[in-house]
> 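For reference, the structure I am asking about is given below.
What you see is a predicted model, and the numbers here were worked out from it, not measured in a lab.
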Amino acid sequence: MNKTLVVNDSSAFAGAGAAFSLMEADFPGRNGSLELSTAPLDFPINPWDIMLCISGTVIACENAIVVAIIFYTPTLRTPMFVLIGSLATADLLAGMGLILNFVFQYVISSETISLITVGFLVASFTASISSLLAITVDRYFSLYNALTYFSEKTLQYVHLMLVGTWGVSLCLGLLPVLGWNCLDDPSSCSIVRPLTRSNVTLLATSFFIIFVLMLALYVQICKIVCRHAHQIALQQHFFTTSHYVATKKGVSTLAIILGTFGASWLPFAIYCLVGEREYPSVYTYATLLPATYNSMINPIIYAYRNSEIQRSLYMVFCGCFHSNGAYRSRSPSEV
């Protein structure tokens with residue numbers, strides 16, 4: 001008998017789609033297709049499923065702390081932290097989805113629950129990837145329009161990005177639930193059942209678009225940094241290099257983000273386009289598991305390296321600082 005594993009691709013997103021309900025078929029006597037089954041379990045727990053569940057647990061714990069810190073710290077209300085909170089929320093939901101997928105897969109086996117879990121994971125990972133793009137856009141504008149960044153207009157466009165991010169993610173997550181699935185036509189299944197081949201292709205294509213946009217913005221940020229460096233070199237007697245150093249730190253962070261993002265999701269996104277449902281499901285697991293690590297690394301890159309979040313953590317766990325301490329609002333380029 002086959003077993004279902006929920007997988008997800010993030011991308012609107014390549015990653016998102018693959019995202020889920022995967023059927024491990026790498027047991028003797030089984031083919032490579034992914035299938036759902038409601039019969040009693042007659043096989044041991046798949047170690048790949050265990051690793052995905054462990055990954056989801058770590059992801060949920062890490063991001064739950066970030067969400068709580070941002071929610072309960074009044075000083076962390078700038079556009080930058082609002083977007084980081086959106087990213088942490090998406091990753092928190094993705095981690096919970098991986099845990100629930102494991103529980104439902106081995107305790108409750110039903111097509112309805114499978115579709116809901118798939119939709120939940122697709123929406124969560126899509127929101128995570130979209131939030132990464134939104135943060136990149138925010139960092140670009142913080143450098144391009146540095147003088148007007150802390151205006152009311154900035155907060156408005158951040159809210160618009162959040163509405164777009166979660167609106168698109170929700171729509172993509174609802175597609176399998178509303179009928180765009182392969183339960184009635186197994187021949188149309190992708191490497192991740194019950195997502196269809198066309199659905200996964202859409203998600204993978206969306207991921208590549210987002211990745212290219214992030215890369216293009218990164219190039220523009222580098223150009224701005226170089227221009228700032230040139231200006232500082234010409235006017236060194238008027239300006240210090242502190243802002244430039246902070247800007248370099250932001251660009252370095254963005255480079256780390258793009259590197260980990262690409263290394264995590266690209267293998268899975270590519271396999272979503274070239275893989276067939278007849279291929280051994282171990283290939284899907286082997287590319288999906290690293291993709292989930294991106295949600296594990298995000299809070300480290302965006303949150304735990306931030307001095308203001310570090311200070312809030314010290315206040316909560318060590319009582320090292322007083323809660324009435326004033327923080328200076330910083331732009332994303334300084335993080």
> If we count only N and O atoms by modelled type, under 3.5 Å, do the side chains of Trp166 and Ser86 hold a donor and an acceptor together?
yes

> More than 12 foreign heavy atoms under 6.0 Å from OH of Tyr304: is that the case here?
yes

> Below 4.5 Å, heavy atoms only, C-beta onward: do Glu308 and Phe81 meet side chain to side chain?
yes

> If we ignore hydrogens and angles and just use 3.5 Å, is the side chain of Arg305 paired with the main-chain N or O of Pro299 as donor and acceptor?
no

> Judged by atom type as modelled, is there a donor-acceptor pair below 3.5 Å linking the side chain of Thr89 to the main-chain atoms of Gly85?
yes

> Specify whether Tyr283 and Tyr271 have parallel, tilted or perpendicular ring planes, treating 30° as the upper limit for parallel and 60° as the lower limit for perpendicular.
perpendicular

> Can you confirm whether Asp184 is buried at CG, in the sense that more than 12 heavy atoms of other residues, nucleotides or ligands lie under 6.0 Å from that atom?
no

> Rounded at 0.5 Å granularity, tell me how far OG in Ser312 sits from CG in Leu76.
4.5 Å

> Tell me whether Val219 shares a hydrophobic cluster with Ile224, the cluster being built from Ile, Leu, Val, Met, Phe, Trp, Tyr side chains joined at under 4.5 Å.
no

> Within the structure provided, determine whether Leu266 and Phe208 are in side-chain contact (heavy-atom separation under 4.5 Å).
yes

> Taking disulfide (SG to SG under 2.5 Å) as the cut-off, I'd like each qualifying pair that reaches into residues 157-187, sequence neighbours left out, listed once.
Cys182-Cys189

> Just do the side-chain hydrogen bond (donor to acceptor under 3.5 Å, both in side chains) check on Ser281 and Trp48 with the steps written out, would you?
CA-CA 10 Å; Ser281 58; Trp48 287 102; over 6 Å; no

> Write down the atom of Phe120, the atom of Leu93, and the distance for their closest heavy-atom approach.
CE2-O, 3.1 Å

> Return yes if a side-chain donor-acceptor contact under 3.5 Å exists between Thr75 and Thr73, otherwise no.
no

> Passes side-chain contact (heavy atoms from CB on, under 4.5 Å), Tyr279 versus Thr284? Steps please.
CA-CA 9 Å; Tyr279 291 179; Thr284 306; over 6 Å; no

> Does the side-chain contact (heavy atoms from CB on, under 4.5 Å) test come out yes or no for Phe102 and Ile99, once each step is laid out?
CA-CA 5 Å; Phe102 179 84; Ile99 298 172; 5.9 Å; no

> As an exercise, state the distance from CG of Leu92 to CD of Glu62, rounded to the nearest 0.5 Å.
11.0 Å

> Identify the heavy atoms of Val177 and Gly173 that sit nearest to each other, and give their distance.
CG2-O, 4.0 Å

> State the OG-CG distance between Ser130 and Leu87, to the nearest 0.5 angstrom.
10.5 Å

> On a heavy-atom basis, which atom in Phe261 and which in Leu132 lie closest, and how many Å separate them?
CD1-CD1, 3.6 Å

> Should we count CE of Met161 as having more than 12 external heavy atoms under 6.0 Å?
yes

> Quick check: closest heavy atoms across Pro267 and Gly262, and the distance to 0.1 Å?
CD-O, 3.9 Å

> Check which hydrophobic residues are tied to Tyr72 through side-chain heavy-atom contacts below 4.5 Å, counting indirect links as well, and list them.
Phe71

> Just so I know, are the side chains of Met80 and Asp138 near enough to count as touching, which here means a heavy-atom distance under 4.5 Å?
yes

> Do Val107 and Leu100 sit in the same hydrophobic cluster, where Ile, Leu, Val, Met, Phe, Trp and Tyr count as joined when their side-chain heavy atoms come under 4.5 Å apart?
yes

> Give the cluster check for Leu160 versus Leu155: same hydrophobic cluster or not, with ILVMFWY residues linked at side-chain heavy-atom distances below 4.5 Å.
no

> Can you name the closest pair of heavy atoms from Leu115 and Pro176 and give their distance?
CD2-O, 3.7 Å

> Would a distance-only check, ignoring hydrogens and angles, find a side-chain to backbone donor-acceptor pair under 3.5 Å from Asn294 to Ser264?
no

> Restricting to pairs with a member in residues 79-102, which pass salt bridge (Lys or Arg N to Asp or Glu O under 4.0 Å), not counting sequence neighbours?
none

> Evaluate the criterion side-chain contact (heavy atoms from CB on, under 4.5 Å) for residue pair Thr201 and Cys272; output intermediate values, then yes/no.
CA-CA 7 Å; Thr201 300; Cys272 286; over 6 Å; no

> Look up atom CG in Leu172 and atom OG1 in Thr126, then write down how far apart they are to the nearest 0.5 Å.
5.0 Å

> So, using side-chain contact (heavy atoms from CB on, under 4.5 Å) as the criterion, who are the partners of Ser55 when residues are at least two apart?
Ile59, Leu289, Thr292, Tyr293, Met296

> What are the two closest heavy atoms between Leu133 and Met214, and how far apart are they?
CD1-CG, 3.7 Å

> Quick one: pull up CZ in Arg139 and CG in Leu83 and give me the separation to the nearest 0.5 Å.
10.0 Å

> Test of understanding: clusters of I, L, V, M, F, W, Y form through side-chain heavy atoms closer than 4.5 Å, transitively. Do Val274 and Trp265 belong to the same one?
yes

> Go through the steps for Ser187 and Arg277 under the test side-chain contact (heavy atoms from CB on, under 4.5 Å), then give the verdict.
CA-CA 9 Å; Ser187 63; Arg277 66 187 183 91; 4.2 Å; yes

> Taking the six-membered ring for Trp, are Tyr218 and Tyr140 closer than 6.0 Å centroid to centroid?
no

> State, yes or no, whether a side-chain contact exists between Ile135 and Tyr302 at a heavy-atom distance under 4.5 Å.
yes

> Please identify each residue that fulfils side-chain contact (heavy atoms from CB on, under 4.5 Å) with Ile116, with sequence neighbours left out.
Thr112

> A side-chain contact here means heavy atoms from C-beta on lying under 4.5 Å apart; do Pro194 and Val118 qualify?
yes

> Roughly how far apart are Thr196 OG1 and Leu175 CG, rounded to 0.5 Å?
9.0 Å

> Got a sec, which hydrophobics cluster with Leu178, joining ILVMFWY side chains under 4.5 Å apart, including via others?
Leu170, Leu174

> Whether the side chain of Ser169 engages the backbone of Ala127 through a donor-acceptor N/O pair (distance < 3.5 Å, no angle test) should be reported.
yes

